[in-house]
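Lettering follows sequence order; numbering is per chain, from 1. No experiment lies behind these values; they were computed from the predicted model shown.
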Number of protein chains: 2
Amino acid sequence: MMKEFLKTKGFKITPQRELIFRSFFEMDKHVSVDELYDKVREKDRSIGYSTVWRNLKLICRVGLAQKVNMGDGITRYDRLTKVPHGHLFCLNCKRVVEFNVDQVVGILANTAVENKFSTRGFKVEVQGYCQLCQSESEKHADDEEIH
Amino acid sequence: MMKEFLKTKGFKITPQRELIFRSFFEMDKHVSVDELYDKVREKDRSIGYSTVWRNLKLICRVGLAQKVNMGDGITRYDRLTKVPHGHLFCLNCKRVVEFNVDQVVGILANTAVENKFSTRGFKVEVQGYCQLCQSESEKHADDEEIH
DNA sequence: ATTGAAATTGATAATCGTTTTCATTTAGAG
DNA sequence: CTCTAAATGAAAACGATTATCAATTTCAAT
Ligand SMILES: [Mn+2]
Ligand SMILES: [Mn+2]
Ligand SMILES: [Zn+2]
Ligand SMILES: [Zn+2]
(Lines give C-alpha, C1' and ligand atoms only; values in the text may rest on other atoms or scores of the structure.)
(Ligands and ions follow the chains in the order given, each with its own letter.)
Protein backbone atom coordinates (compact mmCIF):
# COMPACT_ATOMS: atom_id res chain seq x y z
CA MET A 1 0.00 0.00 0.00
CA MET A 2 0.91 3.62 0.48
CA LYS A 3 3.96 3.16 2.68
CA GLU A 4 5.56 0.57 0.48
CA PHE A 5 4.80 2.61 -2.58
CA LEU A 6 6.55 5.66 -1.20
CA LYS A 7 9.49 3.69 0.07
CA THR A 8 10.13 2.09 -3.27
CA LYS A 9 10.14 5.56 -4.74
CA GLY A 10 12.79 6.55 -2.23
CA PHE A 11 10.77 8.77 0.04
CA LYS A 12 10.69 8.53 3.79
CA ILE A 13 7.64 7.83 5.85
CA THR A 14 6.85 10.39 8.49
CA PRO A 15 3.80 10.77 10.68
CA GLN A 16 3.04 14.06 9.00
CA ARG A 17 3.31 12.55 5.58
CA GLU A 18 1.07 9.68 6.48
CA LEU A 19 -1.57 11.97 7.89
CA ILE A 20 -1.45 14.30 4.92
CA PHE A 21 -1.70 11.51 2.40
CA ARG A 22 -4.50 9.83 4.29
CA SER A 23 -6.42 13.06 4.69
CA PHE A 24 -6.09 13.91 1.03
CA PHE A 25 -7.62 10.67 -0.08
CA GLU A 26 -10.39 10.92 2.47
CA MET A 27 -11.44 14.31 1.18
CA ASP A 28 -13.52 15.30 -1.76
CA LYS A 29 -11.81 15.80 -5.05
CA HIS A 30 -10.51 19.23 -6.03
CA VAL A 31 -8.91 20.05 -2.75
CA SER A 32 -6.92 23.23 -2.25
CA VAL A 33 -3.83 23.44 -0.06
CA ASP A 34 -5.75 25.48 2.46
CA GLU A 35 -8.59 23.00 2.63
CA LEU A 36 -6.23 20.12 3.15
CA TYR A 37 -4.24 22.10 5.67
CA ASP A 38 -7.37 22.75 7.71
CA LYS A 39 -8.35 19.12 7.55
CA VAL A 40 -4.93 17.92 8.58
CA ARG A 41 -4.77 20.38 11.44
CA GLU A 42 -7.92 18.95 12.93
CA LYS A 43 -5.85 15.88 13.66
CA ASP A 44 -2.50 17.47 14.39
CA ARG A 45 -2.19 21.14 15.21
CA SER A 46 1.56 21.08 14.91
CA ILE A 47 1.85 20.38 11.21
CA GLY A 48 3.12 23.31 9.22
CA TYR A 49 1.63 24.74 6.08
CA SER A 50 4.78 24.10 4.09
CA THR A 51 4.67 20.46 4.96
CA VAL A 52 1.16 20.15 3.68
CA TRP A 53 2.06 22.04 0.58
CA ARG A 54 5.16 19.98 -0.07
CA ASN A 55 3.36 16.71 0.41
CA LEU A 56 0.58 17.74 -1.89
CA LYS A 57 3.26 18.37 -4.42
CA LEU A 58 4.66 14.96 -3.67
CA ILE A 59 1.27 13.37 -4.22
CA CYS A 60 1.38 14.87 -7.68
CA ARG A 61 4.99 13.91 -8.26
CA VAL A 62 4.26 10.25 -7.63
CA GLY A 63 1.33 10.44 -9.97
CA LEU A 64 -1.57 10.17 -7.56
CA ALA A 65 -3.09 13.56 -8.27
CA GLN A 66 -2.94 16.48 -10.63
CA LYS A 67 -3.22 20.19 -10.27
CA VAL A 68 -6.38 21.70 -11.61
CA ASN A 69 -7.11 25.34 -12.12
CA MET A 70 -10.70 26.37 -12.60
CA GLY A 71 -9.99 30.02 -13.24
CA ASP A 72 -10.62 31.42 -9.80
CA GLY A 73 -7.14 32.03 -8.50
CA ILE A 74 -6.96 28.84 -6.49
CA THR A 75 -5.01 25.75 -7.40
CA ARG A 76 -6.79 22.57 -6.52
CA TYR A 77 -5.63 18.99 -6.58
CA ASP A 78 -7.67 16.29 -8.20
CA ARG A 79 -7.19 12.61 -7.55
CA LEU A 80 -6.05 10.89 -10.70
CA THR A 81 -8.85 8.91 -12.27
CA LYS A 82 -8.24 6.04 -14.61
CA VAL A 83 -10.51 7.54 -17.25
CA PRO A 84 -10.12 11.24 -17.98
CA HIS A 85 -13.05 13.43 -17.08
CA GLY A 86 -14.27 16.96 -17.60
CA HIS A 87 -15.55 19.54 -15.16
CA LEU A 88 -18.74 21.51 -14.95
CA PHE A 89 -17.67 24.47 -12.82
CA CYS A 90 -20.21 26.72 -11.18
CA LEU A 91 -18.94 30.28 -11.34
CA ASN A 92 -21.00 31.19 -8.32
CA CYS A 93 -20.71 28.46 -5.73
CA LYS A 94 -17.50 26.99 -7.20
CA ARG A 95 -18.94 23.50 -7.03
CA VAL A 96 -17.64 21.01 -9.57
CA VAL A 97 -19.46 18.23 -11.35
CA GLU A 98 -17.39 15.73 -13.24
CA PHE A 99 -18.45 14.17 -16.49
CA ASN A 100 -17.24 11.65 -18.99
CA VAL A 101 -15.17 12.95 -21.87
CA ASP A 102 -14.42 9.81 -23.85
CA GLN A 103 -16.04 11.11 -26.98
CA VAL A 104 -14.51 14.57 -26.65
CA VAL A 105 -11.06 13.22 -25.95
CA GLY A 106 -11.27 11.11 -29.06
CA ILE A 107 -11.84 14.18 -31.15
CA LEU A 108 -9.13 16.14 -29.37
CA ALA A 109 -6.60 13.37 -29.78
CA ASN A 110 -7.17 13.50 -33.51
CA THR A 111 -6.78 17.24 -33.57
CA ALA A 112 -3.51 16.93 -31.70
CA VAL A 113 -2.18 14.37 -34.16
CA GLU A 114 -3.16 16.57 -37.06
CA ASN A 115 -1.05 19.29 -35.48
CA LYS A 116 1.88 16.97 -34.79
CA PHE A 117 1.40 17.53 -31.11
CA SER A 118 2.60 15.02 -28.55
CA THR A 119 -0.27 14.97 -26.11
CA ARG A 120 0.22 14.90 -22.36
CA GLY A 121 -3.25 15.74 -21.17
CA PHE A 122 -6.58 17.34 -21.79
CA LYS A 123 -8.58 19.98 -20.05
CA VAL A 124 -12.25 20.07 -20.75
CA GLU A 125 -14.30 22.48 -18.77
CA VAL A 126 -17.72 24.00 -18.95
CA GLN A 127 -18.23 27.12 -16.94
CA GLY A 128 -21.62 28.39 -15.97
CA TYR A 129 -24.12 28.29 -13.18
CA CYS A 130 -25.48 25.23 -11.50
CA GLN A 131 -29.19 24.84 -11.07
CA LEU A 132 -29.08 26.26 -7.55
CA CYS A 133 -27.16 29.36 -8.58
CA GLN A 134 -28.97 30.04 -11.83
CA SER A 135 -30.66 33.19 -10.51
CA GLU A 136 -27.38 34.86 -9.73
CA SER A 137 -26.10 34.49 -13.25
CA GLU A 138 -26.50 38.15 -14.18
CA LYS A 139 -23.68 39.15 -11.92
CA HIS A 140 -20.19 38.60 -13.30
CA ALA A 141 -20.95 39.38 -16.90
CA ASP A 142 -17.27 39.92 -17.35
CA ASP A 143 -13.95 39.05 -15.93
CA GLU A 144 -14.35 35.33 -15.85
CA GLU A 145 -12.09 33.03 -17.67
CA ILE A 146 -14.36 31.55 -20.25
CA HIS A 147 -12.58 29.75 -23.03
CA MET B 1 -15.31 52.37 -34.16
CA MET B 2 -13.53 51.98 -30.90
CA LYS B 3 -14.11 55.49 -29.57
CA GLU B 4 -17.79 55.54 -30.29
CA PHE B 5 -18.15 52.07 -28.86
CA LEU B 6 -16.58 53.05 -25.57
CA LYS B 7 -18.52 56.28 -25.34
CA THR B 8 -21.83 54.59 -25.82
CA LYS B 9 -20.85 52.28 -23.00
CA GLY B 10 -20.21 55.33 -20.82
CA PHE B 11 -16.45 55.25 -20.70
CA LYS B 12 -14.20 58.18 -21.35
CA ILE B 13 -11.57 58.37 -24.03
CA THR B 14 -8.08 59.11 -22.89
CA PRO B 15 -4.80 59.02 -24.78
CA GLN B 16 -3.63 56.20 -22.54
CA ARG B 17 -6.76 54.21 -23.14
CA GLU B 18 -6.53 54.66 -26.87
CA LEU B 19 -2.94 53.55 -26.94
CA ILE B 20 -3.59 50.54 -24.75
CA PHE B 21 -6.58 49.39 -26.75
CA ARG B 22 -4.79 49.89 -30.03
CA SER B 23 -1.70 48.07 -28.82
CA PHE B 24 -3.70 45.15 -27.53
CA PHE B 25 -5.36 44.54 -30.86
CA GLU B 26 -2.10 44.90 -32.70
CA MET B 27 -0.46 42.22 -30.63
CA ASP B 28 -0.61 38.49 -30.87
CA LYS B 29 -3.35 36.71 -29.05
CA HIS B 30 -2.83 35.51 -25.48
CA VAL B 31 -1.16 38.63 -24.20
CA SER B 32 -0.18 39.04 -20.57
CA VAL B 33 -0.39 42.33 -18.70
CA ASP B 34 3.37 42.55 -18.66
CA GLU B 35 3.68 41.97 -22.37
CA LEU B 36 1.11 44.61 -23.12
CA TYR B 37 2.71 46.97 -20.64
CA ASP B 38 6.05 46.61 -22.39
CA LYS B 39 4.50 47.18 -25.77
CA VAL B 40 2.62 50.25 -24.61
CA ARG B 41 5.69 51.69 -22.98
CA GLU B 42 7.55 51.60 -26.24
CA LYS B 43 5.20 54.34 -27.37
CA ASP B 44 4.69 56.18 -24.10
CA ARG B 45 7.10 55.75 -21.20
CA SER B 46 4.81 57.57 -18.82
CA ILE B 47 1.91 55.13 -18.74
CA GLY B 48 1.58 53.30 -15.46
CA TYR B 49 1.20 49.61 -14.94
CA SER B 50 -2.12 50.03 -13.19
CA THR B 51 -3.51 51.86 -16.18
CA VAL B 52 -2.56 49.06 -18.51
CA TRP B 53 -3.97 46.51 -16.13
CA ARG B 54 -7.23 48.39 -15.65
CA ASN B 55 -7.73 48.89 -19.34
CA LEU B 56 -7.08 45.25 -20.05
CA LYS B 57 -9.81 44.55 -17.57
CA LEU B 58 -11.97 47.03 -19.38
CA ILE B 59 -11.34 45.30 -22.68
CA CYS B 60 -12.75 42.20 -21.04
CA ARG B 61 -15.63 44.04 -19.45
CA VAL B 62 -16.83 45.36 -22.77
CA GLY B 63 -16.60 41.89 -24.21
CA LEU B 64 -13.65 42.26 -26.55
CA ALA B 65 -11.40 39.75 -24.82
CA GLN B 66 -11.37 37.03 -22.23
CA LYS B 67 -8.95 35.90 -19.63
CA VAL B 68 -7.21 32.64 -20.33
CA ASN B 69 -5.09 30.63 -17.99
CA MET B 70 -2.91 27.93 -19.45
CA GLY B 71 -1.65 26.59 -16.16
CA ASP B 72 1.61 28.45 -15.89
CA GLY B 73 0.87 31.11 -13.32
CA ILE B 74 0.26 33.84 -15.85
CA THR B 75 -3.07 35.25 -16.86
CA ARG B 76 -3.29 36.03 -20.50
CA TYR B 77 -5.93 37.84 -22.49
CA ASP B 78 -7.34 36.40 -25.67
CA ARG B 79 -9.21 38.41 -28.23
CA LEU B 80 -12.77 37.22 -28.46
CA THR B 81 -13.34 35.23 -31.61
CA LYS B 82 -16.76 34.85 -33.14
CA VAL B 83 -16.46 31.07 -33.08
CA PRO B 84 -15.12 29.46 -29.93
CA HIS B 85 -11.78 27.74 -30.23
CA GLY B 86 -9.54 25.43 -28.30
CA HIS B 87 -5.87 25.63 -27.48
CA LEU B 88 -2.98 23.32 -28.08
CA PHE B 89 -0.54 24.43 -25.42
CA CYS B 90 3.11 23.44 -25.57
CA LEU B 91 4.32 22.76 -22.06
CA ASN B 92 7.85 23.54 -23.08
CA CYS B 93 7.87 26.64 -25.25
CA LYS B 94 4.45 27.85 -24.11
CA ARG B 95 3.35 28.42 -27.66
CA VAL B 96 -0.34 28.13 -28.38
CA VAL B 97 -2.08 26.80 -31.44
CA GLU B 98 -5.78 27.42 -31.76
CA PHE B 99 -8.17 24.95 -33.23
CA ASN B 100 -11.83 24.63 -34.05
CA VAL B 101 -14.06 23.15 -31.39
CA ASP B 102 -17.49 23.20 -33.03
CA GLN B 103 -17.95 19.49 -32.71
CA VAL B 104 -16.64 19.35 -29.16
CA VAL B 105 -18.72 22.27 -28.00
CA GLY B 106 -21.81 20.57 -29.37
CA ILE B 107 -21.17 17.59 -27.18
CA LEU B 108 -20.34 19.72 -24.15
CA ALA B 109 -23.46 21.81 -24.55
CA ASN B 110 -25.51 18.65 -24.37
CA THR B 111 -23.69 17.48 -21.29
CA ALA B 112 -24.36 20.80 -19.63
CA VAL B 113 -28.05 20.61 -20.40
CA GLU B 114 -28.21 17.09 -19.03
CA ASN B 115 -26.78 18.48 -15.80
CA LYS B 116 -29.14 21.47 -15.74
CA PHE B 117 -26.18 23.76 -16.06
CA SER B 118 -26.55 27.24 -17.48
CA THR B 119 -23.50 27.49 -19.68
CA ARG B 120 -21.37 30.61 -19.88
CA GLY B 121 -18.33 29.27 -21.62
CA PHE B 122 -16.09 26.41 -22.52
CA LYS B 123 -12.48 25.68 -22.05
CA VAL B 124 -10.94 23.07 -24.27
CA GLU B 125 -7.24 22.56 -24.01
CA VAL B 126 -4.74 19.98 -25.09
CA GLN B 127 -1.45 20.09 -23.30
CA GLY B 128 1.65 18.49 -24.68
CA TYR B 129 4.70 19.23 -26.72
CA CYS B 130 4.81 20.85 -30.10
CA GLN B 131 6.80 19.24 -32.85
CA LEU B 132 9.80 21.43 -32.14
CA CYS B 133 9.88 20.60 -28.44
CA GLN B 134 9.10 16.92 -28.74
CA SER B 135 12.58 15.87 -27.64
CA GLU B 136 12.33 17.68 -24.34
CA SER B 137 9.20 15.87 -23.33
CA GLU B 138 10.83 13.69 -20.71
CA LYS B 139 11.39 16.61 -18.40
CA HIS B 140 8.41 17.72 -16.35
CA ALA B 141 6.89 14.33 -15.73
CA ASP B 142 5.00 15.87 -12.86
CA ASP B 143 3.65 19.09 -11.60
CA GLU B 144 1.86 20.19 -14.69
CA GLU B 145 -1.78 20.84 -14.79
CA ILE B 146 -3.03 18.11 -17.05
CA HIS B 147 -6.74 17.60 -16.99
C1' DA C 1 -15.18 78.83 -23.72
C1' DT C 2 -15.84 77.85 -18.80
C1' DT C 3 -17.18 75.08 -15.22
C1' DG C 4 -17.59 71.16 -12.25
C1' DA C 5 -18.75 66.43 -11.32
C1' DA C 6 -17.21 62.11 -12.25
C1' DA C 7 -13.91 59.19 -14.30
C1' DT C 8 -9.16 58.20 -15.04
C1' DT C 9 -4.44 58.11 -14.13
C1' DG C 10 0.07 56.78 -11.96
C1' DA C 11 2.62 55.83 -7.94
C1' DT C 12 2.47 53.18 -4.29
C1' DA C 13 1.01 49.97 -1.02
C1' DA C 14 -1.76 45.94 0.22
C1' DT C 15 -3.12 41.44 -0.66
C1' DC C 16 -3.05 36.72 -1.72
C1' DG C 17 -1.45 32.37 -3.08
C1' DT C 18 2.67 30.07 -3.78
C1' DT C 19 7.43 28.87 -3.07
C1' DT C 20 11.99 29.19 -0.83
C1' DT C 21 15.12 29.37 2.98
C1' DC C 22 17.24 27.61 6.87
C1' DA C 23 18.01 25.86 11.40
C1' DT C 24 16.38 21.82 13.66
C1' DT C 25 14.56 17.29 13.87
C1' DT C 26 13.79 12.72 12.20
C1' DA C 27 13.88 8.39 9.35
C1' DG C 28 16.00 4.53 8.21
C1' DA C 29 20.09 2.15 6.12
C1' DG C 30 24.20 0.21 7.61
C1' DC D 1 23.59 2.79 17.73
C1' DT D 2 25.38 5.97 14.39
C1' DC D 3 25.41 8.81 10.59
C1' DT D 4 23.65 11.00 6.56
C1' DA D 5 20.20 12.46 3.79
C1' DA D 6 15.55 13.72 3.91
C1' DA D 7 11.83 16.02 6.07
C1' DT D 8 9.82 19.43 8.99
C1' DG D 9 8.02 24.07 10.62
C1' DA D 10 8.49 28.95 11.07
C1' DA D 11 9.41 32.60 8.68
C1' DA D 12 10.57 35.25 4.92
C1' DA D 13 10.65 35.94 -0.12
C1' DC D 14 8.28 35.98 -4.14
C1' DG D 15 5.31 37.26 -8.10
C1' DA D 16 1.06 38.32 -9.77
C1' DT D 17 -2.98 40.80 -8.97
C1' DT D 18 -5.79 44.30 -6.95
C1' DA D 19 -6.78 48.41 -3.97
C1' DT D 20 -5.87 53.12 -2.40
C1' DC D 21 -5.49 57.89 -3.03
C1' DA D 22 -4.10 62.45 -4.42
C1' DA D 23 -3.68 64.71 -8.71
C1' DT D 24 -5.18 65.14 -13.34
C1' DT D 25 -8.27 64.92 -17.15
C1' DT D 26 -12.53 64.21 -19.76
C1' DC D 27 -16.76 65.83 -21.32
C1' DA D 28 -21.61 67.16 -20.52
C1' DA D 29 -23.91 71.07 -19.10
C1' DT D 30 -23.92 75.69 -18.97
MN1 LIG E 1 -11.97 16.23 -11.32
MN1 LIG F 1 -7.09 31.66 -28.09
ZN1 LIG G 1 -23.59 26.91 -8.07
ZN1 LIG H 1 6.98 23.83 -27.99
Side-chain angles (χ1 to χ4, degrees), chain A residues 2-21 23 30-38 40-41 43-62 65 67-77 94 140 142-145, chain B residues 2-21 23 30-38 40-41 43-62 65-77 94 142-145:
Chain A
M2 184 81 327
K3 288 193 189 183
E4 316 311 324
F5 177 70
L6 280 175
K7 277 194 179 173
T8 61
K9 293 257 183 177
F11 298 104
K12 294 181 174 174
I13 308 299
T14 66
Q16 296 94 330
R17 178 159 289 166
E18 285 191 87
L19 176 55
I20 293 167
F21 271 64
S23 301
H30 316 117
V31 181
S32 68
V33 186
D34 287 10
E35 284 161 358
L36 183 57
Y37 176 65
D38 289 346
V40 162
R41 287 211 123 209
K43 302 268 178 169
D44 181 347
R45 307 274 324 157
S46 72
I47 293 186
Y49 187 90
S50 348
T51 303
V52 173
W53 180 81
R54 276 184 298 235
N55 276 289
L56 213 29
K57 243 199 146 184
L58 180 60
I59 291 174
C60 293
R61 185 150 43 237
V62 300
K67 274 195 201 176
V68 279
N69 188 309
M70 299 298 183
D72 63 347
I74 294 165
T75 301
R76 290 159 191 285
Y77 296 80
K94 317 293 186 204
H140 315 289
D142 29 270
D143 210 86
E144 277 105 12
E145 177 188 351
Chain B
M2 184 82 327
K3 289 193 191 183
E4 316 311 323
F5 178 71
L6 280 175
K7 277 195 180 174
T8 62
K9 292 258 184 180
F11 298 104
K12 292 182 176 175
I13 308 299
T14 66
Q16 295 93 331
R17 179 159 289 166
E18 284 191 87
L19 175 56
I20 293 167
F21 270 63
S23 300
H30 317 118
V31 180
S32 68
V33 186
D34 287 10
E35 285 162 357
L36 183 56
Y37 177 65
D38 289 345
V40 162
R41 286 212 124 211
K43 300 271 178 166
D44 181 348
R45 307 273 325 155
S46 71
I47 292 186
Y49 187 89
S50 345
T51 303
V52 172
W53 180 80
R54 275 185 301 235
N55 276 290
L56 212 30
K57 245 199 146 184
L58 180 62
I59 290 174
C60 292
R61 185 149 44 239
V62 299
Q66 301 268 186
K67 273 194 199 177
V68 280
N69 190 310
M70 300 297 184
D72 63 347
I74 294 165
T75 301
R76 291 163 189 283
Y77 296 80
K94 317 294 186 203
D142 30 87
D143 209 85
E144 276 108 11
E145 177 188 349

Subject >> Distance, rounded to the nearest Å, where B/Trp53 contributes CH2 and C/dT15 contributes P >> reply: 15 Å
Original post:
To the nearest 0.5 Å, what is the distance between NZ (B/Lys43) and CZ (B/Arg41)?
Top reply: 15.5 Å
**OP:** Starting at OH of B/Tyr37, measure out to CG of B/Asn55 and round the result to the nearest 0.5 Å.
**Re:** 13.5 Å
Subject >> A/Leu56 side chain near A/Ile20 side chain, heavy-atom distance below 4.5 Å >> reply: no
Subject >> Nearest heavy-atom neighbours spanning A/Tyr49 and A/Asp34 >> reply: OH-OD1, 2.8 Å
Original post:
Reckon A/Asn55 touches a base, only the sugar-phosphate, or nothing at all at heavy-atom distances under 4.0 Å?
Top reply: sugar-phosphate
**OP:** Between B/Val33 and B/Lys7, just flag the one whose closest nucleotide in DNA chain D comes earlier from the 5' side.
**Re:** B/Val33
Original post:
Tell me: NZ of A/Lys57 to P of D/dA7, nearest whole Å?
Top reply: 13 Å
Original post:
Atom CZ of A/Phe11 to atom P of C/dG28: distance rounded to whole Å?
Top reply: 13 Å
Original post:
Would you say D/dG9 has OP1 or OP2 under 4.0 Å from some side-chain N or O of A/Gln16?
Top reply: yes
Original post:
Choosing from D/dA7, C/dG28, C/dT8, which nucleotide comes nearest the side chain of A/Arg17?
Top reply: D/dA7
Subject >> Between C/dT8 (P) and B/Ile47 (CD1): distance, integer Å >> reply: 15 Å
**OP:** Would you classify A/Arg54 as touching base, sugar-phosphate or nothing, given that sugar-phosphate means primed atoms plus P, OP1 and OP2, and contacts are heavy atoms under 4.0 Å?
**Re:** base
Subject >> Among B/Asp44, B/Val52, B/Ile47, B/Leu36, the one residue meeting side chain to side chain contact (heavy atoms under 4.5 Å, CB included) with B/Ser23 >> reply: B/Leu36
Original post:
So, does the side chain of A/Lys12 form a donor-acceptor pair with the base of C/dA27 at under 3.5 Å?
Top reply: yes
Original post:
Where each residue is assigned the nucleotide of DNA chain D containing its nearest heavy atom, which of B/Ile13 and A/Ile20 is assigned the position nearer the 5′ end?
Top reply: A/Ile20
Subject >> Rounded interatomic separation in angstrom, taking CZ from A/Arg76 and P from C/dT18 >> reply: 10 Å
Original post:
Tell me: NZ of B/Lys67 to C1' of D/dT18, nearest whole Å?
Top reply: 10 Å
**OP:** Please confirm whether any donor atom in the side chain of B/Ser50 sits under 3.5 Å from an acceptor in the base of C/dA11, or the reverse.
**Re:** yes
Original post:
How would you label the contact of A/Thr75 with the nucleic acid (heavy atoms, under 4.0 Å): base, sugar-phosphate, or nothing?
Top reply: sugar-phosphate
Original post:
Taking atom C1' of C/dT9 as reference, at what distance in whole Å does atom CG of B/Leu58 sit?
Top reply: 14 Å
Subject >> Sugar-phosphate only, base, or nothing, as touched by B/Asp44 at under 4.0 Å among non-hydrogen atoms >> reply: nothing
Subject >> Euclidean distance, atom CD1 of residue A/Ile74 to atom P of C/dT15 [Å, nearest integer] >> reply: 17 Å
Original post:
When you measure from the side chain of B/Tyr49, which nucleotide among C/dG28, C/dT9, D/dT17 comes out closest?
Top reply: D/dT17
**OP:** Just call it for B/Thr14: base, sugar-phosphate, or nothing, with non-hydrogen atoms closer than 4.0 Å on any strand.
**Re:** sugar-phosphate
